[in-house]
Amino acid sequence: MKLLPVHPILWSCLLILWASESESESNTPDVCQDERDPGNIHTQSPSGQAHCVEEAKVDGNFRCLYYPTNVLNCSWSFHTLEKDAQLFVQISICDDDRAVHYPYLSSEERVGSRSLTLLHEWLYVILHFNITLHGNWTVYTSGYETDMLEVQSPPENISASVIDGGLSVRWGLPKSRGTSRPRCFEYQLDMGDQERPKNVAAELSYTEPNADPTCTYRVRMRTRKTHACQDSSHWSDWSHTVIDYQS
């Protein structure tokens, strides 16, 4: 089950973890110093043991998003695990070559999430999924760089008015931790007319032709970075609704 079209950057991690939380935590190395391994999920099991879960059933069952409020939310869903399987999850936050490990979480229902408020600069996050089944264990490790997880703020200073027979919508650039170049953002405009949102890229205005001067228009917007500027991007929340009252 694919949760997001995310292409994670993944690290090779030699982890020797046990089913108990305390033993698992004590055997976690400083993964922030490991060499990156883009495009692959790394698995680790004892020599000669088959993996507890096929790698294809792990890929895509988790995601992390980093919001403008500095909140990192990571969620996972492993509905296909066998009844007797146990799942432990650890999140590591990396700043240069240092790591902050957050305690292991046991997710008996196979579905869980964790939100962390990060008040310092960080480079990437690494997820560890330790699955044990009938005395065997396998660790799956996946990581993301900061810009792959960032959720933008909605556009600012949105205005809407009927001018020369068209509904003119204008807005400002969203706040972003990275680039603020107009060409790096695309937008969706919900005009409140039950049609699909209008798509606009690299612009700070849009005009809907043939506007009815007797109608009241309600406009809201959301944004994300274009694929030309960021391989993986996520839509922001919708902005507040701007209402253009007509007499």
**Message:** If you define the side chain from C-beta out and look only at heavy atoms, does anything of Pro174 sit under 4.5 Å from Tyr187?
**Reply:** yes
**Closest contact, heavy atoms only, Phe88 versus Gln86** = CE1-CB, 4.1 Å
**Complete:** Output for pair (Thr132 OG1, Leu87 CG), nearest 0.5 Å, gives 8.5 Å
**Nearest-0.5 Å distance, OG1 of residue Thr138 to CG of residue Leu133** = 9.0 Å
**Asked** Heavy atoms, side chains only, cut-off 4.5 Å: are Thr207 and Asp164 in contact?
**Response** no
**Item:** Residue of the set Met221, Arg220, Glu208 for which side chain to side chain contact (heavy atoms under 4.5 Å, CB included) holds with Leu189
**Value:** Met221
**Item:** Which atom of Glu186 lies closest to which atom of Trp235, heavy atoms considered
**Value:** O-CZ3, 3.8 Å
**Message:** For a 4.5 angstrom cut-off between non-hydrogen side-chain atoms, does His134 reach Asp84?
**Reply:** yes
**Request:** Quick one: do Val111 and His79 satisfy side chain to side chain contact (heavy atoms under 4.5 Å, CB included)? Show the steps, please.
**Result:** CA-CA 7 Å; Val111 178; His79 291 289; 3.4 Å; yes
**Heavy-atom donor-acceptor pair, His234 side chain to Met148 backbone, under 3.5 Å** = yes
**Item:** Heavy-atom check, side chain of Pro46 versus side chain of Asn136, under 4.5 Å
**Value:** no
**Complete:** Distance col, row Lys225:NZ vs Phe185:CZ, nearest 0.5 angstrom, shows 5.5 Å
**Asked** Given the rule in the side chain to side chain contact (heavy atoms under 4.5 Å, CB included) test, do Gln230 and Cys184 qualify, once you have shown the distances and angles that lead to the verdict?
**Response** CA-CA 8 Å; Gln230 186 169 306; Cys184 284; over 6 Å; no
**Item:** Between CD on residue Glu145 and CD on residue Glu150, distance to nearest 0.5 Å
**Value:** 13.0 Å
**Asked** Quick check, are the ring centers of Phe129 and Phe78 under 6.0 angstrom apart?
**Response** yes
**Complete:** Separation between CD1 (Ile131) and OG (Ser45), nearest 0.5 Å, reads 9.5 Å
**Message:** Return the OG to CG distance between Ser239 and Asn157, rounded to the nearest 0.5 Å.
**Reply:** 11.0 Å
**Request:** Please report the shortest heavy-atom distance between Leu81 and Ala85, naming the atom on each side.
**Result:** CB-CB, 4.3 Å
**Complete:** Minimal heavy-atom distance between Leu127 and Phe62, with the atoms involved, is CD1-CD1, 3.9 Å
**Request:** State, with a plain yes or no, whether a side-chain heavy atom of Thr216 is found less than 4.5 Å away from one of Arg218.
**Result:** yes
**Message:** Contact between Leu149 and Leu65 at the side-chain level, heavy atoms closer than 4.5 Å - yes or no?
**Reply:** no
**Asked** Are any side-chain N or O atoms of Arg63 and backbone N or O atoms of Asn73, one a donor and one an acceptor, separated by less than 3.5 Å?
**Response** no
**Asked** In the single-linkage hydrophobic clustering (I, L, V, M, F, W, Y; side-chain heavy atoms under 4.5 Å), do Tyr144 and Leu118 co-cluster?
**Response** yes
**Prompt:** Looking at the rings of Tyr140 and Trp76, which for Trp means the six-membered one, are their centres under 6.0 Å apart?
**Reply:** no
**Request:** Give the C-alpha distance, both sets of side-chain angles, the deciding distance and a yes or no for side chain to side chain donor-acceptor pair (under 3.5 Å) between Ser161 and Asp244.
**Result:** CA-CA 6 Å; Ser161 59; Asp244 176 54; 5.6 Å; no
**Complete:** Heavy-atom nearest pair, Leu72 first then Cys64, reads CD1-CB, 4.1 Å
**Request:** Test Gln152 against Ser176 for side chain to side chain donor-acceptor pair (under 3.5 Å), laying out the working first.
**Result:** CA-CA 6 Å; Gln152 305 297 322; Ser176 176; 3.2 Å; yes
**Message:** Using the rule side chain to side chain contact (heavy atoms under 4.5 Å, CB included), only one of Val242, Asp212, Ile243 pairs with Tyr217; which is it?
**Reply:** Asp212
**Prompt:** So do Glu156 and Trp171 actually touch side chain to side chain, heavy atoms under 4.5 Å?
**Reply:** no
**Prompt:** Any donor-acceptor pair under 3.5 Å linking the side chain of Ser236 with the backbone of Thr223?
**Reply:** yes
**Message:** How close do Trp137 and Gln44 get, counting heavy atoms only, and between which atoms?
**Reply:** CZ3-O, 3.3 Å
**Side chain proximity check, Arg114 to Leu116, heavy atoms < 4.5 angstrom** = yes
